[in-house]
Amino acid sequence: PVLLYPPHQLEVLKAEPGIGLLHLRQLGNSWPTDFEQIESDLDQAAQTSPDVWVVLWLEGLGDPQKRIETWLNTHLYRSQEEWFGSVRVVRYATLRDAKPAEPKRLGVIYGDLVELSEISVVDPVVEAGKNFRLALIWQGIAATNVSYKVFVHVFDGAGRLVAQHDGLPQGGLAPTNVWQAGQLIKDQFAIAMPPDLPPGNYQIKVGLYDSVTGQRLLTASGIDSLEVGQISVSAPGSQ
């Protein structure tokens, strides 16, 4: 499904030649915005498809607190974002085809500022060319005025970087410079694996860096990225 907000985008797109309307759905149909209804619609869409596309246009006018995107970023797995002028298109992976992921407790502290409390790898086995979904649970330890980016790097057995994610927590909605001590932050997203990746086991490493200077936060043991787990890559079409 392709979900549109604000809802009158549907009428605009109907006038465009070549637009297929079969999978277009408007988010909400009232003003002011009925967020509870929209969240219900989002939940229903997430149960019917492995992917959901959301088209956002000037959404700040009707949703200044970004309630819609907050729901998406905390319930689904952000995988892709593109801008087309003032229109933003965001793709999310859902949990429709997944088994519940077993969380792994970590408790690793970076820079005496944040703790990586847990990680959940939704897809411990993934086909080459597809996404694997990942959820990180962070906890604030001390306030900071620096907005750190989270990076997740995937390495092969020879130490070569084959895939990665770099971004602000929750797609920029929960930057580290507004975290409070003790606050829990759930940051989840999907990472695309290259289609030509050989089958095998790959290591996942996580860290944080200053988005301005590029300087990484160190753990208590003095390392700037932590191996948090592995995924197995299979050949395309093998699952």
Side-chain angles (χ1 to χ4, degrees), residues 69-81 92-93 95 98-126 131-157 159-193 201-233:
E69 198 166 357
T70 297
W71 190 97
L72 289 163
N73 287 350
T74 53
H75 289 79
L76 307 182
Y77 294 76
R78 189 186 188 100
S79 63
Q80 186 179 349
E81 181 181 61
Y92 290 89
L95 287 172
K99 298 179 180 178
E102 187 69 29
K104 177 182 179 182
R105 173 67 185 170
L106 295 172
V108 177
I109 296 175
Y110 292 82
D112 293 326
L113 295 174
V114 300
E115 178 189 88
L116 180 54
S117 301
E118 289 184 2
I119 180 174
S120 298
V121 180
V122 179
D123 311 280
V125 180
V126 61
N131 294 339
F132 77 92
R133 291 157 290 187
L134 187 69
L136 305 175
I137 304 296
W138 298 93
Q139 184 171 25
I141 295 176
T144 176
N145 59 2
V146 178
S147 178
Y148 290 98
K149 281 189 173 181
V150 175
F151 68 86
V152 178
H153 290 169
V154 183
F155 294 93
D156 65 12
R160 291 184 291 261
L161 180 67
V162 299
Q164 68 183 81
H165 161 86
D166 286 81
L168 297 173
Q170 289 187 8
L173 298 184
T176 57
N177 59 336
V178 302
W179 292 7
Q180 303 295 318
Q183 182 179 1
L184 293 175
I185 302 294
K186 186 178 184 181
D187 188 23
Q188 51 190 45
F189 41 84
I191 299 177
M193 304 300 284
N201 294 324
Y202 293 79
Q203 292 74 44
I204 305 170
K205 292 187 176 183
V206 176
L208 300 105
Y209 67 94
D210 187 325
S211 56
V212 176
T213 67
Q215 183 175 357
R216 295 184 179 184
L217 284 178
L218 302 181
T219 68
S221 58
I223 59 175
D224 61 11
S225 64
L226 174 73
E227 183 174 336
V228 295
Q230 293 187 346
I231 57 169
S232 296
V233 174

With a 4.5 Å cut-off on side-chain heavy atoms, are [Y] and [X] touching?
X	Y	answer
Q188	V122	no
L134	V121	yes
S232	N201	yes
W138	W179	yes
L218	D224	yes

Which heavy atom of [X] sits nearest a heavy atom of [Y], and at what distance?
X	Y	value
F189	Y77	O-CD2, 3.5 Å
T144	T176	CG2-O, 3.7 Å
A101	S120	CB-CB, 3.9 Å
R133	A98	NH2-CB, 3.6 Å
N131	A190	CB-CB, 3.9 Å
L116	V206	CD2-CG1, 3.9 Å

Within a reach of under 6.0 Å around CG of D112, are more than 12 heavy atoms found that belong to other residues, nucleotides or ligands?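 Result for CG/D112: open.
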Under 6.0 Å from the CD atom of Q183, do we count more than 12 heavy atoms belonging to anything else shown?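 Check passes, neighbour count above 12.
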Spatial distance of atom [atom1] ([X]) from atom [atom2] ([Y]) [nearest 0.5 Å]:
X	Y	atom1	atom2	answer
L226	K205	CG	NZ	9.0 Å
I185	T74	CD1	OG1	10.5 Å
E118	E102	CD	CD	9.5 Å

Residues N73 and Y92: side-chain donor-acceptor under 3.5 angstrom: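 On atom types as modelled, these side chains qualify, holding a pair under 3.5 Å.
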Residue that, paired with F132, satisfies side-chain contact (heavy atoms from CB on, under 4.5 Å) out of V233, V125, I204: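 So, applying the side-chain contact (heavy atoms from CB on, under 4.5 Å) to F132 and each of V233, V125, I204, only I204 qualifies.
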For L136, does its backbone N or O pair with a side-chain atom of D187 as donor and acceptor, under 3.5 Å?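 Side chain of D187 to backbone of L136, a donor-acceptor pair under 3.5 Å: no, none is there.
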Side-chain polar contacts of residues 163-171 - donor-acceptor pairs under 3.5 angstrom, sequence neighbours left out - could you list them?
| unit_1 | atom_1 | unit_2 | atom_2 | d |
| --- | --- | --- | --- | --- |
| Q164 | NE2 | D166 | OD1 | 2.5 |
| D166 | OD2 | Y209 | OH | 3.3 |
| Q170 | NE2 | K186 | O | 3.0 |

Tell me whether the rings of H153 and F151 are parallel (<30°), tilted (30 to 60°) or perpendicular (>60°).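 Ring orientation, 0 to 90° scale: tilted.
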Step-by-step side-chain contact (heavy atoms from CB on, under 4.5 Å) determination, Y148 to D210: CA-CA 5 Å; Y148 290 98; D210 187 325; 4.2 Å; yes
Do NZ/NE/NH1/NH2 and the carboxylate oxygens of E115 and R105 come within less than 4.0 Å?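 Yes, this pair counts.
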With side-chain contact (heavy atoms from CB on, under 4.5 Å) as the criterion, how do L208 and V150 come out once you've worked through the C-alpha distance, each side chain's angles and the decisive distance to 0.1 Å? CA-CA 5 Å; L208 300 105; V150 175; 4.1 Å; yes
